[in-house]
2 protein chains.
Amino acid sequence: MNAQEKRLYEAKAKVLKALAHPTRLWMVEQLGFGERCVCEFVDVIEVDFSTISKHLSILKQAGIVEDEKRGKQVFYRLKVPCVLSFMSCVEAVIESQAKAQAALIA
Amino acid sequence: MNAQEKRLYEAKAKVLKALAHPTRLWMVEQLGFGERCVCEFVDVIEVDFSTISKHLSILKQAGIVEDEKRGKQVFYRLKVPCVLSFMSCVEAVIESQAKAQAALIA
DNA sequence: AGTCTATTTGGCCAAATAACCATATATAAG
DNA sequence: CTTATATATGGTTATTTGGCCAAATAGACT
């Protein structure tokens, strides 16, 4: 693995890392239904609004979402919607894992 | 978001987190070509073998890979191959991001 | 101008992560 | 049985992460 390939895998990991947080993942799923302003997330997520802002900033930095300021509010939307397609496979992993756990008990 | 939903998103995030490391991501891609023993990774990856072992353990714990001991060696293989399908979307995110960066410069 | 609201940013702290080294365990080989 | 090899695990340390609070910024309203 040379330096360029290394950089590539670091970039790929960064994208996945941006998604790899419960709150961020949930927000991405919500954005799958349409754009949302920060304030909408603040209303429903039980963490400090500054934390939400930082989560969104991480998603933006990763290139997953884009933002647009309209008046006082900032709206976020998915920039690359294919990330939504990860969900079904992630669920498959969880189910497979749940089965493995169940097999240990039984 | 109730407690159960919260647990679900934590589980989903855990799977993505397991993939969100350059070395682990690379190993998963390699496993896409077929099973590998730990020693094969140790030979080509420039980190301590204990670190590689721990990375594989994280992937196993997440339910992404499974292992099988044969003789002295332990072989790992993909348990849920659909994770390979993430790659093209992750690359799309990176490309979209690269374009955005380029636009800023130009 | 002054105030209220929406959002971002910086500082700080606790917890999680990832690396290394040393040690333990298991299997094969001599 | 002793040694060598393959892997896993525990300890330690440096770095990163994620949370909160306080402060800064920007737009809308009076």
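We name chains A, B, ... by the order of the sequence lines, and we start the count at 1 in each one.
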Visitor: Does atom CD (A/Gln61) have a neighbourhood of more than 12 heavy atoms from anything else shown, all under 6.0 Å?
Guide: no
Visitor: Out of A/Arg77, A/Lys79, A/Lys60, which residue meets the salt bridge (Lys or Arg N to Asp or Glu O under 4.0 Å) rule with A/Asp67?
Guide: A/Lys60
Visitor: Less than 4.0 angstrom from a charged side-chain N to a carboxylate O is my criterion; do A/Glu29 and B/Lys12 meet it?
Guide: yes
Visitor: Mapping A/Glu46 and A/Lys17 onto DNA chain D by nearest heavy atom, which one lands closer to the 5' end?
Guide: A/Lys17
Visitor: Should A/Lys69 and A/Gln73 be marked as a side-chain contact (heavy atoms from CB on, under 4.5 Å) after you check the CA-CA gap, both sets of side-chain angles, and the distance that decides it?
Guide: CA-CA 6 Å; A/Lys69 183 156 193 170; A/Gln73 302 173 326; over 6 Å; no
Visitor: Any salt bridge between B/Glu35 and B/Arg70, counting N to O under 4.0 Å?
Guide: yes
Visitor: Can you tell me if A/Tyr76 and A/Glu68 form a side-chain donor-acceptor pair at under 3.5 Å?
Guide: no
Visitor: Across the strands shown, which category fits A/Arg24 at heavy-atom distances under 4.0 angstrom: base, sugar-phosphate, nothing?
Guide: sugar-phosphate
Visitor: If a pair satisfies salt bridge (charged side-chain N to carboxylate O under 4.0 Å, His left out) and one of its residues is in residues 97-106 of chain A, list it, with sequence neighbours excluded.
Guide: none
Visitor: Identify all pairs in which a protein N or O lies below 3.5 Å from an N or O of nucleotides 6-9 of chain D, and state each distance.
Guide:
| from | atom 1 | to | atom 2 | distance (Å) |
| --- | --- | --- | --- | --- |
| D/dT7 | OP1 | B/Val38 | N | 3.4 |
| D/dT7 | OP1 | B/Val74 | N | 3.1 |
| D/dT7 | OP2 | B/Cys39 | N | 2.6 |
| D/dA8 | OP1 | B/Tyr76 | OH | 2.9 |
| D/dA8 | OP2 | B/Ser53 | OG | 2.8 |

Visitor: Would A/Arg36 count as a cation-pi partner of A/Phe41, with NZ or CZ less than 6.0 Å from the six-membered ring centre and within 45° of the ring normal?
Guide: no
Visitor: I'd like the 5' and 3' limits of the part of DNA chain C contacted by chain B, with heavy-atom contacts below 4.0 Å.
Guide: C/dT17 to C/dA28
